[in-house]
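My questions will all concern the structure given below.
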Amino acid sequence: MIDILNYKLYGDVTVYDVIVVIVVMAFATIIAKLVTTNLRRTLIDKMKRDQLELMLKVIYFGIIFIAFIAVLPALGLDLSGLLVAGGITGIVLGFASQSVVANLVSGIFLISEKPIKIGDQVNIDGVAGFVEDVNILSTIIRTYDGLYVRIPNEKVFTSNITNYVAHIARRFEYVIGIRYSDDAEKAIEIIKRLIEEHPFALKNPEPQVFVDSLGDNSVNIVVKIWAPSTEWYSVKMELLWKIKTELERNGIEIPFPQRVVWFANELRANVEGKEEGQQT
């Protein structure tokens, strides 16, 4: 049996070396299969099917390729020249694909962590709009004015992300000024009634309506309202107009800026001078 294992097939390569190569390749295949299977189970609901399959194939054949390179010396192949050439090529490709690899890794983390989802309203590094897609290398944003913006995943992952709809409710507020001669308590009652009547204005958290400050020209009433994140903008626009018209209907107006100018010496019209001039 030992003689058979030491039998040289060609050069210094023996039957034992060939068996080692086969075992290593079989083991690498099993490892690659286990890794890709676990990744598929983890990411099946977080990635598009075509993107997931592409990534799994790259990982699968990458593991097998590394194992194949590792066992080539056992087959009597000298890789010194290949390694030198491959090293130089690897350095060049490394610099060229640095951003691609960074975007790929960032994309995997984004898909796993899921700080944003398709359809979310977000602000990423000053770009605000709806998330159209989250790919392996980039994220697609459709801005509120309909522009298509592609952001590399590395930039998305390292930037501050504001997700406007991540929580079920979102708050907005107004500052409404009324005249000093108007009844502030009546204004507050009107505003509270309008909030209670709106179907999307949440009762919990409770809305707040109160006099916040006494301004130069008005008594300032602060209104804080919670609404479902998906209805936030429409509720904000509707209630603002309803509050404005209802206050005016009840004789409560938003004042114009006013200034009282006071002079140390009273100004008098030179009526007498004009009369004297006319007489002469």
Side-chain angles (χ1 to χ4, degrees), residues 114-132 141-147 149 159-271:
K114 299 181 71 172
I116 57 176
K117 300 186 295 294
I118 296 176
D120 285 355
Q121 298 182 51
V122 299
N123 188 317
I124 303 174
D125 196 32
V127 179
F130 297 90
V131 178
E132 289 286 303
I141 302 294
R142 175 172 56 86
T143 63
Y144 293 120
D145 51 355
L147 298 179
V149 180
S159 299
N160 292 329
I161 300 175
T162 303
N163 193 325
Y164 297 117
V165 295
H167 295 126
I168 191 171
R170 183 179 173 189
R171 194 187 73 181
F172 61 90
E173 65 180 65
Y174 312 124
V175 178
I176 299 174
I178 63 174
R179 299 174 300 185
Y180 274 88
S181 58
D182 292 329
D183 188 346
E185 292 184 357
K186 181 179 179 181
I188 290 174
E189 290 177 0
I190 293 172
I191 294 172
K192 286 183 175 180
R193 175 173 55 80
L194 291 174
I195 295 173
E196 290 177 357
E197 291 175 353
H198 199 285
F200 289 112
L202 300 181
K203 293 180 172 57
N204 187 20
E206 185 179 358
Q208 295 178 312
V209 185
F210 56 91
V211 174
D212 178 67
S213 61
L214 303 177
D216 295 337
N217 309 301
S218 62
V219 175
N220 296 321
I221 300 175
V222 170
V223 182
K224 297 182 178 182
I225 307 169
W226 289 84
S229 297
T230 54
E231 304 292 337
W232 174 86
Y233 187 77
S234 60
V235 175
K236 181 179 181 181
M237 295 298 99
E238 291 174 10
L239 272 178
L240 180 62
W241 182 251
K242 287 183 178 180
I243 290 173
K244 187 258 185 190
T245 54
E246 190 65 20
L247 289 178
E248 290 180 346
R249 188 177 292 112
N250 286 270
I252 301 174
E253 299 181 3
I254 298 173
F256 293 102
Q258 300 179 13
R259 291 292 183 271
V260 177
V261 182
W262 178 80
F263 294 93
N265 298 320
E266 182 180 357
L267 297 181
R268 297 178 180 178
N270 193 4
V271 177

**Request:** Report yes if the side chains of P228 and F200 come closer than 4.5 Å at any heavy-atom pair, otherwise no.
**Result:**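 Contact flag for P228/F200 side chains = yes.
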**Message:** Are there over 12 heavy-atom neighbours, none belonging to E206, within less than 6.0 Å of that residue's CD?
**Reply:** no
**Message:** Test of understanding: with ring-ring contact (aromatic ring centres under 6.0 Å, His included), list the residues that count as partners of Y174, not counting sequence neighbours.
**Reply:** F172
**Prompt:** Does CG belonging to D145 count more than 12 external heavy atoms closer than 6.0 Å?
**Reply:** yes
**Nearest heavy-atom neighbours spanning N220 and G177** =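 What the structure gives for the nearest pair is OD1-CA, 3.8 Å.
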**Message:** For the CD1 atom of I252 and the CD1 atom of I190, what is their distance to the nearest 0.5 Å?
**Reply:**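 That separation rounds to 4.0 Å.
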**Item:** Side-chain touch H198/K242, heavy atoms, less than 4.5 angstrom
**Value:**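 Side chain of H198 against side chain of K242, heavy atoms only: contact under 4.5 Å found.
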**Contact check, side chains of I161 and N123, non-hydrogen atoms, under 4.5 Å** = no
**Step-by-step side-chain hydrogen bond (donor to acceptor under 3.5 Å, both in side chains) determination, D120 to N163** = CA-CA 7 Å; D120 285 355; N163 193 325; 3.0 Å; yes
**Message:** A quick test of your reading: do over 12 heavy atoms of other residues, nucleotides or ligands sit less than 6.0 Å from CG of L147?
**Reply:**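 Atom CG in L147 is crowded, with more than 12 foreign heavy atoms closer than 6.0 Å.
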**Request:** Inspect the contact between E246 and R193 and indicate whether a charged nitrogen and a carboxylate oxygen are less than 4.0 angstrom apart.
**Result:** yes
**Request:** Check step by step if side-chain contact (heavy atoms from CB on, under 4.5 Å) holds for R171 and I225.
**Result:** CA-CA 6 Å; R171 194 187 73 181; I225 307 169; 5.9 Å; no
**Prompt:** Does the side chain of I221 come within less than 4.5 Å of V175's, by heavy atoms?
**Reply:** no
**Message:** Can you list everything that forms a salt bridge (charged side-chain N to carboxylate O under 4.0 Å, His left out) with E248? Sequence neighbours excluded, please.
**Reply:** K244
**Request:** Mind checking the OG-CD1 spacing from S159 to I124? Nearest 0.5 Å is all I need.
**Result:** 7.5 Å
**Request:** Apply side-chain contact (heavy atoms from CB on, under 4.5 Å) to the pair V127 and T143, showing each step before the final yes or no.
**Result:** CA-CA 7 Å; V127 179; T143 63; 4.2 Å; yes
**Request:** Taking D182 for its side chain and E253 for its backbone only, find out whether a donor-acceptor pair lies under 3.5 Å.
**Result:**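 Answer holds: yes.
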